[in-house]
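What follows is a single structure, written as structure tokens, with notes after it.
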Protein chains: 2
Amino acid sequence: MVRAGLTPERLTLAGAELADEVGFDQVTVSALARRFDVKVASLYSHLKNSQDLKTRIALFALEELADRVADALAGRAGKDALAAFADAYRDYAREHPGRYAAARLRLDPETAAASAGVRHAQMARALLRGYDLPEPDQTHAVRMLGSVFHGYVSLELAGGFEHSAPGAEESWAWVVDSLDSLLRNRTAR
Amino acid sequence: MVRAGLTPERLTLAGAELADEVGFDQVTVSALARRFDVKVASLYSHLKNSQDLKTRIALFALEELADRVADALAGRAGKDALAAFADAYRDYAREHPGRYAAARLRLDPETAAASAGVRHAQMARALLRGYDLPEPDQTHAVRMLGSVFHGYVSLELAGGFEHSAPGAEESWAWVVDSLDSLLRNRTAR
DNA sequence: CTAGTTTGCCTATAAGCTTTAGGCAAAAGC
DNA sequence: GCTTTTGCCTAAAGCTTATAGGCAAACTAG
């Protein structure tokens with residue numbers, strides 16, 4: 001019989017695609033095996049277990065998202081950078097809802113410290129340099145940006161803005177604009 | 001044999017408690033049956049299925065949280081009301097992480113329309129009356145508040161603020177303060 | 001190029017969760 | 001007290017995770 005050519009990397013990528021299609025919490029070792037037309041047990045040579053698969057997908061998504069954000073940020077500053085950062089985040093979540101959900105998986109501290117999550121934090125700080133905030137305000141601001149972006153995207157994906165006007169797009173612009181003026185104000189104090 | 005006295009209400013409450021103990025996504029019909037020392041099949045006379053259980057817990061949590069927010073808001077206005085609203089939200093999530101997660105379950109439109117989710121939206125709008133925003137800004141602001149509160153709480157629960165200074169408490173105060181001044185500024189325009 | 005080793009996917013199996021069908025006894029109604 | 005209703009039961013099937021052990025394909029050496 002011909003071998004399927006399974007590797008942790010291919011399984012992770014396929015898992016990410018599966019997550020986007022059916023939702024991250026519907027990603028199972030069984031479903032992944034079906035997708036490769038292979039018996040379930042075969043995957044356990046490449047993955048420790050189901051949790052391992054999910055962690056790999058999460059790390060993959062964190063990397064991919066960090067790359068996108070980095071691209072978006074390149075050569076921009078101030079409000080322009082803020083909007084690019086925000087959009088990169090939101091667009092990724094809308095294009096890849098399953099991967100986005102994966103990126104929110106709680107990782108154990110060591111795994112998190114070695115993940116692209118670190119880059120995310122660094123980029124947020126780089127972005128905020130344009131607003132010249134003293135500590136601890138900068139940290140507060142990093143947390144606020146993370147909260148707003150994650151919160152908005154998560155409510156939007158959950159369909160929270162679907163059944164009312166104005167559209168999610170307009171509110172997003174308003175929110176980004178508000179954050180910009182907020183940060184500029186905080187600088188001035 | 002003595003009957004256990006199962007009802008949908010008791011099962012929902014026990015399910016909420018279970019969610020707080022082990023996490024909302026670990027709530028299973030099996031675990032609930034164990035908790036009542038009853039066979040699994042017995043629960044299916046009271047619950048349509050596993051999804052039904054989760055929906056009931058979600059609706060319960062939405063009600064409970066709405067009650068708390070209403071209490072917190074009573075007799076307050078302006079920044080005082082904003083802080084009370086924010087704290088009610090965050091405190092509930094920290095006391096009842098499982099119920100909080102349940103409250104974020106995606107409901108089908110009809111169920112959502114009949115849920116306490118409606119009250120949440122109304123209270124947010126009531127809160128914002130103190131800032132005197134014209135439409136569509138008020139809607140944008142409702143969405144922003146929801147995003148920030150949900151985002152912050154969700155990141156905090158996920159342990160995102162655990163391994164760095166300053167504490168989550170201080171950033172929360174900063175965020176609430178920022179939102180207040182942001183909203184006051186928006187009014188002035 | 002063939003013999004030995006490693007590797008990859010297999011079958012078999014067990015245990016847990018969901019859900020349905022049908023049974024029997026406790027509680028409620030008359 | 002007798003009947004009806006209700007509540008929890010056993011049984012069973014299908015799906016998931018996970019482990020153990022087998023056989024053949026692919027690599028590695030001589």
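For the salt bridge (charged side-chain N to carboxylate O under 4.0 Å, His left out) test, residues two or more places apart in sequence or in another chain that qualify with B/Arg99 are B/Asp20, B/Glu64. Considering only residues two or more places apart in sequence or on other chains, A/Phe24 meets the ring pair (Phe, Tyr, Trp, His ring centres under 6.0 Å) condition with none of them. Among residues two or more places apart in sequence or in another chain, the side chain to side chain contact (heavy atoms under 4.5 Å, CB included) test is passed with A/Ser30 by A/Thr28, A/Arg34, A/Val40. By the ring pair (Phe, Tyr, Trp, His ring centres under 6.0 Å) test, B/His140 pairs with A/Trp174, sequence neighbours left out. The side chain to side chain contact (heavy atoms under 4.5 Å, CB included) check on A/Glu21 picks up A/Glu17, A/Arg35, with sequence neighbours excluded.
For the pair A/Ser45 and C/dG8, the criterion of a side-chain N or O lying under 4.0 Å from OP1 or OP2 is not met. At C/dT7, none of the side-chain N or O atoms of A/His46 fall inside 4.0 Å of OP1 or OP2 (strictly under the cut-off).
Spacing between atom NZ of B/Lys39 and atom P of D/dA12 amounts to 15 Å, rounded to whole angstrom units. Following rounding to the nearest Å, A/Phe36 (CZ) and C/dC9 (P) show an atom-to-atom distance of 10 Å.
Residues from residues 11-22 of chain A that place a heavy atom under 4.0 Å from any atom of DNA chain C: there are none.
Residue pairs meeting the ring pair (Phe, Tyr, Trp, His ring centres under 6.0 Å) criterion with at least one member in residues 34-67 of chain A, sequence neighbours excluded, do not occur.
Within 4.0 Å (heavy atoms only), A/Leu43 reaches no atom of the nucleic acid at all.
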Exercise. What string of B, S and - do you get for nucleotides 16-23 of chain C 5' to 3' if you count protein non-hydrogen atoms under 4.0 Å?
Worked result: -SBBBB--
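The local environment of CG in B/Asp37 is sparse, with at most 12 non-hydrogen atoms from other residues, nucleotides or ligands closer than 6.0 Å.
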Report, one line per pair, each donor and acceptor closer than 3.5 Å where one atom sits in a side chain of residues 74-82 of chain B; sequence neighbours left out.
{"residue": "B/Arg76", "atom": "NE", "partner": "B/Ala72", "partner atom": "O", "Å": "2.8"}
{"residue": "B/Lys79", "atom": "NZ", "partner": "B/Asp177", "partner atom": "OD1", "Å": "2.4"}

